[in-house]
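Everything on this sheet refers to the single structure shown next.
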Amino acid sequence: MLILNLITQEWKKSYRAQGFYKNLAVSIMLGFFALYMAGIFLFLGFSLNEILEKANNKLNPMELFNGAMLYLMLFGLAIRFFMQQLNTFDLPPYQVLPIKRSLLINFLLLKPLTNPVNYFLLLVVVPFSIKSVIGYYSALVALRFVLSFIFMVWFNSLMASFLKRKFGSGLLTSILIFVILVGIFELEYLKIFSLFNLSKTIYNFYVLTPLGLVIPFLGVGAAFALNKWFFSQNYYPENFNRKIKGDKTVTANLSFLNRFGIIGELISLEIKLILRHKRTKSILYMSGFFLLYGLIFYTQKAYTNSNGMLFFVAMFMTGLLMLMFGQWLISWDSSHFDSLMTQNIPIRTYLNANYYLMIAFNIICFVLTTPYFFFGMRIVYIHLAAFIFNVGVNVYLLMYLATYNTRRIDLSKSSAMNYQGTTFKSFLIVVPIMLLPMLIVGTISTFFSPAAALWTLTLLGITGILFRKQLISICVNQFNRRKYKLAEGFREGE
Amino acid sequence: MIQVTDLQKAYNGVTVLNIPALTISKGESFGLVGNNGAGKTTFFRLILDLIEPTTGEVKIDDQCVMRNDAWKTSTGSFLDEGFLIDFLTPEEYFGFVGKLHHKSEGDIAVFLDAMKDFFNDEILGSKKLIRDLSKGNQKKIGIAAALIGDPNILILDEPFTALDPSSQIRLKRFLTDLQTRFNMTMLISSHDLNHITEVCKRIVVLEKGKMVKDLNTDSDTLKELEAYFAV
């Protein structure tokens, strides 16, 4: 069987990749995380019936769930659009072999459907349908309910890959999707148009009529056909890869940085690096969403009571870009590390450039989070302390610890859920940088006062800023010690 | 100019390079030949302080290169694509490297103009990023960037491979020209015995990490090398 061959070859590709065994620690951590999530989902699945029964007494739980179905679909589509990686099965080596092209395309399209991540939500849906739908209706309806959900997953997966191939995932499309989602919410909220009612009618029909399921199944077929059509239009990989590559050459005018000499040159280099790689760009977009974190935490009583937790959130937001990109400090230069090491760049200048870039990130994030000041003076103090602590302590910690991350990072590969180049050390860095200050604030504000806690961290931060030269010297020495290990690690491919 | 003393590099107890003593004087054109795994690139990486020697040291202008920044001002090098910054356009890259050597925009423009023949109109002005260019053009960019800072020492690893025949001939002429006009010290490795004997006045053969021949190029050198490598 040819298709079986293709599947085994894909499988070999993943476990023969050099990173596979090295990254075992990370895989195990992710595995635990997945188990934890699975547990939560199962629990939710078994308790959803009671939750929905309490939430509304006019509609039964399944009707409520069906009402949410189109929302799930739209959100699923949006999330997939941002997160789902296109299945980049290398066509060229197979294209020259005597294999039918349509088989390759079918394989390319249908393989993502076998990814277990797609079916994670079934952990909620199946227990719910057993407990609730069977109770209210019958086993047959429950089966149809589950099937209608699976069809939605298929439709979404195929549709997302079509949209992504066709339109690319640029900033403009992302904004458009965001606007559409907010718009639908708004319409529902203002009671102008209710997607909920529409969804309820449609999905009740699917589930309760004997042949209703034919319609969503046809939808899946249509999405599949759209994909096939796309590939028939774009026969050659260079055509459909072009869309994905998009317009890379963002010739941003960064000439204002020229004034700052070599440091300015290096900073503008890093900015270009961020703007011209998929992975860094998507992190930049995601950071925008993370800035909204405060809206969740600052409005909840449960969190505002805990100073440690609040400080954690404040530090996360005011240092967002630094934390996001700082974990890649140095290693994001891995592909051209030899170049930087042999060019006329003193190591101190190189680290100084990284330092100033991180400081700039912190200032940007601090300014962007100033709207949270409306939540009261307490937030103002916490943000200020967090900012000063980030600038005065965490910057150096990141620069020092970054020298231990010797894995080459491939920035050209997309985007979210990409753990390439992530090592166990990346997780360990979080401990001193995020958890330690949180602990300090928690303890001091319990035994003394919140003000004392904030002052402690602020003073630590100010000390760090004052001893900038000495602290950077420590980082320079550390860098020189680790230089060969870094260069060697970066030269090793995946 | 370059002094090597007691230089050894071992990986897991296996010695891959062992050079007890070697001096390369100013203006010398030093060619390095040897089969794969002979230690050519390792030697260059040691000179450029990209790997740590197990024992011994390399000195450039009487300064040890290890963990030192001083030699970087006077040395231009291109070993492989890792020496390029591939998400820049060629112009941006030349601008970046030029600025590092404190060149003005005008200086860089003059330099690029002199490179026009070598580039053969394929590199400048296309707005393409370096990563989207062919291997040959990437190599040209790397070689040119190594020269932008008017280095005293030029280190190139297999500069002729991946270049088209015309570019190979141009490069040879160009390198000879740099020797005669600026008395530039050159370290070049190559698998092409013809090219290397044409460009270099001194040729060292490496085998399994050891220097087995040290020749001054004359009319018989090519024959001698061909006889040595014949199987």
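Predicted model, so just to flag it, every value in this text is computed and none were measured. Order of the sequence lines sets the chain letters (A, B, ...), proteins ahead of strands, with each chain counted from 1.
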Can you measure from CG (L46(B)) to OH (Y484(A)) and round to the nearest 0.5 angstrom?
9.0 Å
Tell me, for T73(B) versus chain A, whether the close heavy atoms (under 4.5 Å) come from the side chain, the backbone, both or neither.
both
Can you give me the closest heavy-atom contact between S339(A) and Y93(B), atom names plus distance?
OG-OH, 3.9 Å
Chain A interface, residue from H101(B), E81(B), H102(B) that has the most non-hydrogen pairs under 4.5 Å
H101(B)
Provide the closest heavy-atom pair for A487(A) versus L50(B) in the form atom of the first, atom of the second, distance.
CB-O, 3.6 Å
If you compare all heavy atoms of R67(B) against all heavy atoms of R481(A), which two are closest, and at what distance to 0.1 Å?
NH2-O, 3.8 Å
Are the side chains of L100(B) and I262(A) in contact, using a 4.5 Å heavy-atom criterion?
yes
Take atom NZ of K485(A) as the centre, draw a 6.0 Å sphere, and report whether it contains more than 12 heavy atoms from other residues, nucleotides or ligands.
no
Would you say the side-chain atoms of K72(B) pair up with the backbone N or O of M341(A), donor to acceptor, closer than 3.5 Å?
yes
Search all heavy atoms of I345(A) against all heavy atoms of D69(B) and return the closest pair with its distance.
O-OD1, 4.1 Å
Heaviest contributor of heavy-atom pairs below 4.5 Å to chain A, chosen from A70(B), G95(B), G76(B), G82(B), is G82(B)
Does some side-chain heavy atom of D338(A) sit less than 4.5 Å from a side-chain heavy atom of L79(B)?
no
I155(B) versus chain A, the contacting section by heavy-atom distance below 4.5 Å
neither
I'd like to check L88(B) versus R276(A) (side-chain heavy atoms, cut-off strictly below 4.5 Å). Are they in contact?
yes
Minimum heavy-atom separation for H336(A) and L84(B), please, with both atom names.
CB-O, 3.1 Å
Side-chain ion pair, D49(B) and K483(A), N-O less than 4.0 Å
yes
Looking at W71(B), F87(B), F96(B), which makes the most heavy-atom pairs under 4.5 Å with chain A?
F87(B)
Working to the nearest 0.5 angstrom, can you tell me the gap between K272(A) NZ and T89(B) OG1?
7.0 Å
Counting only heavy atoms not in K172(B), do more than 12 sit closer than 6.0 Å to its NZ atom?
yes
N480(A) side, atom CG; M66(B) side, atom CE - distance, nearest 0.5 Å:
10.0 Å
Under 4.5 Å from any heavy atom of chain A - which part of I51(B)
both
So which part of L266(A) gets closer than 4.5 Å to some heavy atom of chain B, the side chain, the backbone, both or neither?
both
Crowding at OH, Y11(B) (>12 non-hydrogen neighbours, <6.0 Å):
yes
Does E488(A) pair with R45(B) as a salt bridge, N-O distance under 4.0 Å?
no
